[in-house]
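Heads up, the thing below is written out as structure tokens.
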Amino acid sequence: MVDLAQLIKLQDYVSRYEWNAFRYPSQYIRLKQENWKKLNYLWNNPEENVEDESNAAETATKLSWWKSLIRKENEQEEVHQQQKEQLPDTESELKQYFLDKLLLIQLKWATSTVTDLSFIDKTYYNNSTLKYFLQRFPDTYLVMYYPIFNIKNAPIDGEIIVISPIGIEIIILVEENEKATIMAGEERTWTVETGQEQKRILSPLIALKRTEQIVKSILSKIDLDFPVEKTVLSRKNHIVFSNAPYNTKVVDRIGYEQWFKQKRLLVSPLKNRQLKAAEALLNHCQTTSVKRPEWEEDSNTFHFMDEE
């Protein structure tokens, strides 16, 4: 099976998860599983792609779901659809091929609804960090990628938030040159050492604490008891500290593999408290969008088979 975490909020773009945070996560998982089974079947039975005329209609029906999956949403995505689609040679390549198609769908779901759309920054299509958080984690992980919260009519930037069935993890990514060592300080700055060179960076704990306060405040409003933890993540650097940051997990290149493995091994269905938390956070996010022209509502499809 192919896993892909769900992108429920991307900065301040409109998201269909805002419409119904309880419906879309489970719908996505169901549709993803159905489409993967069909794609895998076609890949294992390539002879069915070449039928005689008597079976042409049946073949067209079998392939129509995949054509609808890769059909472009609008001209912004045209560059991603110019090459002729052809299934890969190996199963591992097929899985990555499917993941890349699912990423386009996730970006669509995170930037548009039936009635509204946001104009996405095209760099997100090739954003390696976004791909990492979506393509390397299970389906039941709901990701808010640098959401912008609306608190007392003021926009406040948030860090990456991962809502799993067992809790919320606020993550700040701190990555420098691979040869650099990050020295965690107890004040407002940390030090990055590369050979004989040093530079100071703002302590990531400040941004983590700000996002934590927002998240906990929102959850307290609905009386939801759901674990919230903070993580400083560096996949390629060593982080040195004399005193461990209070109530914060520090994961550097030494502890990264274990941390990552724990995330991947979590096997759990979506939980009611998890979806309640997602709904509450989404309700306090800022959204910038425009209304779709009426004529667009029934055209330019780009969806899963059976997507409603």
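Below, each value reflects all heavy atoms present in this structure, side chains not excepted, and no hydrogens, waters or symmetry copies. This is a predicted model, so every value here is computed, not measured. The first residue in the sequence is number 1, and the count goes up from there.
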Using a 3.5 Å distance criterion without hydrogens, assess whether the side chain of [X] forms a donor-acceptor pair with backbone atoms of [Y].
X      : Y      : value
Gln33  : Arg30  : no
Asn45  : Tyr41  : yes
Ser220 : Ser217 : yes
Thr189 : Gly185 : no

Should we count CZ of Arg264 as having more than 12 external heavy atoms under 6.0 Å?
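Atom CZ in Arg264 is crowded, with more than 12 foreign heavy atoms closer than 6.0 Å.
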Beyond-backbone contact of [X] with [Y], side-chain heavy atoms, under 4.5 angstrom:
X      : Y      : value
Ser15  : Thr111 : no
Asn243 : Phe241 : no
Thr231 : Ile170 : no
Tyr132 : Arg235 : yes
Leu219 : Asp225 : no
Val192 : Lys199 : yes
Lys276 : Lys271 : no
Leu202 : Trp190 : no

Between [X] and [Y], which heavy-atom pair has the shortest distance, and what is it?
X      : Y      : answer
Leu266 : Pro138 : O-CG, 4.2 Å
Leu103 : Leu4   : N-CD2, 4.1 Å
Ala21  : Leu282 : CB-CD1, 4.3 Å
Pro25  : Asn20  : CD-O, 4.3 Å
Pro88  : Trp43  : O-NE1, 2.8 Å
Tyr246 : Lys230 : O-NZ, 4.2 Å

Please report the interatomic distance [atom1]([X]) to [atom2]([Y]), rounded to the nearest 0.5 Å.
X      : Y      : atom1 : atom2 : result
Thr287 : Asn150 : OG1   : CG    : 9.0 Å
Leu7   : Lys108 : CG    : NZ    : 14.5 Å
Leu205 : Glu212 : CG    : CD    : 10.5 Å
Leu39  : Leu87  : CG    : CG    : 5.5 Å
Thr288 : Asp116 : OG1   : CG    : 11.5 Å
Lys9   : Leu281 : NZ    : CG    : 11.5 Å

[X], [Y]: one ILVMFWY side-chain cluster at the under-4.5 Å cut-off?
X      : Y      : answer
Tyr145 : Val14  : no
Ile171 : Ile201 : yes
Phe22  : Trp109 : yes
Ile222 : Ile218 : yes
Ile148 : Phe133 : no

Identify whether the distance between the nearest side-chain nitrogen and carboxylate oxygen of [X] and [Y] falls below 4.0 Å.
X      : Y      : answer
Glu178 : Arg253 : no
Asp139 : Lys32  : yes
Glu176 : Lys236 : no
Glu34  : Lys37  : no

Taking atom types as modelled, find out whether [X] and [Y] have a side-chain donor-acceptor pair closer than 3.5 angstrom.
X      : Y      : result
Gln11  : Asp121 : no
Asn283 : Glu279 : no
Ser203 : Glu187 : no
Glu93  : Thr90  : yes
Thr181 : Glu193 : no

Let me have the donor-acceptor pairs involving side chains of residues 151-165, under 3.5 Å, with sequence neighbours excluded, atom names and distances please.
unit_1, atom_1, unit_2, atom_2, d
Ser164, OG, Ile166, N, 3.2
Ser164, OG, Gly167, N, 3.3
Ser164, OG, Gly167, O, 3.1

Please confirm whether Trp19 and Tyr24 have ring centers closer than 6.0 angstrom.
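Between Trp19 and Tyr24, the centre distance exceeds or equals 6.0 Å.
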Establish, yes or no, whether a centroid distance under 6.0 Å links the rings of Phe260 and Phe137.
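Yes, the ring centres sit under 6.0 Å apart.
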Hey, can you tell me if Tyr13 and Tyr124 have their rings parallel, tilted or perpendicular (30° and 60° cut-offs)?
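Tyr13 and Tyr124: perpendicular rings.
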For Ser234, which residues count as a side-chain hydrogen bond (donor to acceptor under 3.5 Å, both in side chains) partner, sequence neighbours excluded?
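With neighbours one apart ignored, the set is Asn237.
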Determine, stepwise, if the pair Arg23 / Tyr17 fulfils side-chain contact (heavy atoms from CB on, under 4.5 Å).
CA-CA 8 Å; Arg23 169 192 172 189; Tyr17 288 89; over 6 Å; no
Show your working on side-chain contact (heavy atoms from CB on, under 4.5 Å) between Lys131 and Arg136 and close with a plain yes or no.
CA-CA 8 Å; Lys131 284 185 177 182; Arg136 305 296 299 279; over 6 Å; no
For a side-chain contact (heavy atoms from CB on, under 4.5 Å) check, start with the C-alpha distance between Ile105 and Leu31, then their side-chain angles and the critical distance, and finish with the verdict.
CA-CA 11 Å; Ile105 291 171; Leu31 294 175; over 6 Å; no
Stepwise side chain to side chain donor-acceptor pair (under 3.5 Å) check, Asp3 with Gln135:
CA-CA 7 Å; Asp3 287 330; Gln135 295 189 344; over 6 Å; no
I would like to know whether Gln198 and Met183 meet side-chain contact (heavy atoms from CB on, under 4.5 Å); could you show each step before the answer?
CA-CA 10 Å; Gln198 289 188 352; Met183 313 293 290; over 6 Å; no
